[in-house]
Amino acid sequence: MVYDKNNVFYKILQSEIPSRRIYEDDLVLVFHDINPVCKIHALVITKGLYMDFHDFVSKTSPEETRAFFRAVATVAELLEIDKSGYRIISNIGKDSRQEIQHFHVHILGGEQLG
Ligand code: AMP
């Protein structure tokens, strides 16, 4: 499989479709999920073009990996859920029901999660 630019997150990166941005740096973009499943639901995406976690891990650099996970922590602090706690999830492939084929992590929090 190869990365297909015809996906929503690529279009968000290109600013072809809007998003409610929370954080951005040279390597990472974070925005609110359009269909939140709890009080705080953010999506952390790489600016690099990877289909999923496995694709990311096999091709990324240490610098990009550090930036990605640093962004997760930074956003948790910005949204003030770093003390109360939160969950990070990445759906990978068909059985996980990954909907958008651009690597991302969900940040869920702001309330007690089920
Ligand atoms: P996944 O199943 O892990 O691929 O999750 C994709 C997530 O992207 C879902 O939680 C959707 O609600 C979210 N989503 C889809 N389109 C948009 C959009 N235009 N802006 C923000 N989030 C979106």
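The analysis underlying the following values was restricted to heavy atoms, covering all of them including side chains, and did not include hydrogens, waters or symmetry mates. Counting starts at 1 for both ligands and their atoms, in listed order. Bear in mind the structure is a predicted one, so any value in this text is a computation, not a measurement.
Listed by number with element, the atoms of ligand 1 under 4.0 angstrom from any heavy atom of N35 are 12 (O). When each atom of ligand 1 is checked for a heavy atom of H32 under 4.0 Å away, the hits are 21 (C). For ligand 1, the atoms sitting less than 4.0 Å from at least one non-hydrogen atom of H106 are 1 (P), 3 (O), 5 (O), 7 (C), 10 (O), numbered in the order shown with element in parentheses. The atoms of ligand 1 that sit less than 4.0 Å from any heavy atom of Q98 are 2 (O), 4 (O). The distance from ligand 1 to the heavy atoms of N91 drops below 4.0 Å at these ligand atoms: 1 (P), 2 (O), 3 (O). The ligand atoms of ligand 1 that sit less than 4.0 angstrom from a heavy atom of L43 are 8 (O), 13 (C), 22 (N). Counting the atoms of ligand 1 from 1 in the order shown, those under 4.0 Å from a heavy atom of R97 are 2 (O).
Taken from CD1 in I89 to CG in L43, the straight-line distance is 11.0 Å, to the nearest 0.5 Å. In this structure, CZ on R66 lies 10.5 Å from OG1 on T60, to the nearest 0.5 angstrom.
Using a 4.0 Å cut-off between charged side-chain N and carboxylate O, E80 and K39 make no salt bridge. The pair K47-E24 meets the salt-bridge criterion, with a side-chain N (NZ, NE, NH1 or NH2) lying under 4.0 Å from an Asp/Glu carboxylate O.
With a 4.0 Å heavy-atom cut-off, ligand 1 is reached by no atom of F103. Contact annotation for I89 and ligand 1: no heavy atom of the residue comes within less than 4.0 Å of the ligand.
Remark: the D82 side chain and the Y86 side chain contain no N/O donor-acceptor pair separated by less than 3.5 Å.
Protein heavy atom nearest atom 19 (N) of ligand 1, with residue, atom name and distance: V8 CG1, 3.5 Å. Looking from atom 8 (O) of ligand 1 to the surrounding protein, the closest heavy atom is F9 CZ, 3.4 Å. Considering only non-hydrogen protein atoms, atom 10 (O) of ligand 1 sits nearest to D33 OD2, 2.6 Å. Atom 15 (C) of ligand 1 has I100 CD1, 3.7 Å as its closest protein atom, hydrogens excluded (heavy atom only). From the protein, the heavy atom lying nearest to atom 2 (O) of ligand 1 is E99 N, 3.1 Å. Taking atom 21 (C) of ligand 1 as the reference point, the nearest protein heavy-atom neighbour is I34 N, 3.3 Å.
Partners of H41 under the ring pair (Phe, Tyr, Trp, His ring centres under 6.0 Å) rule, at least two apart in sequence or in another chain, are H106.
Judged by distance alone, with hydrogens and angles left aside, the side-chain atoms of S19 form no donor-acceptor pair with the main-chain N or O of F31 at under 3.5 Å. Between the side chain of Q101 and the main chain of Q98, a donor-acceptor pair closer than 3.5 Å is present.
Taking the centre of each ring, F103 and F68 come in below the 6.0 Å mark. Ring centroid separation for the pair H102 and Y50 does not come in under the 6.0 Å cut-off.
Within the structure, the closest approach of V37 to ligand 1 does not fall below 4.0 Å when heavy atoms are considered.
Between H104 and ligand 1, at least one N/O pair is under 3.5 Å apart. Here's the thing with F31: none of its N/O atoms is less than 3.5 angstrom from an N/O atom of ligand 1.
Other residues, nucleotides and ligands contribute at most 12 non-hydrogen atoms within 6.0 Å of the CD atom of Q112.
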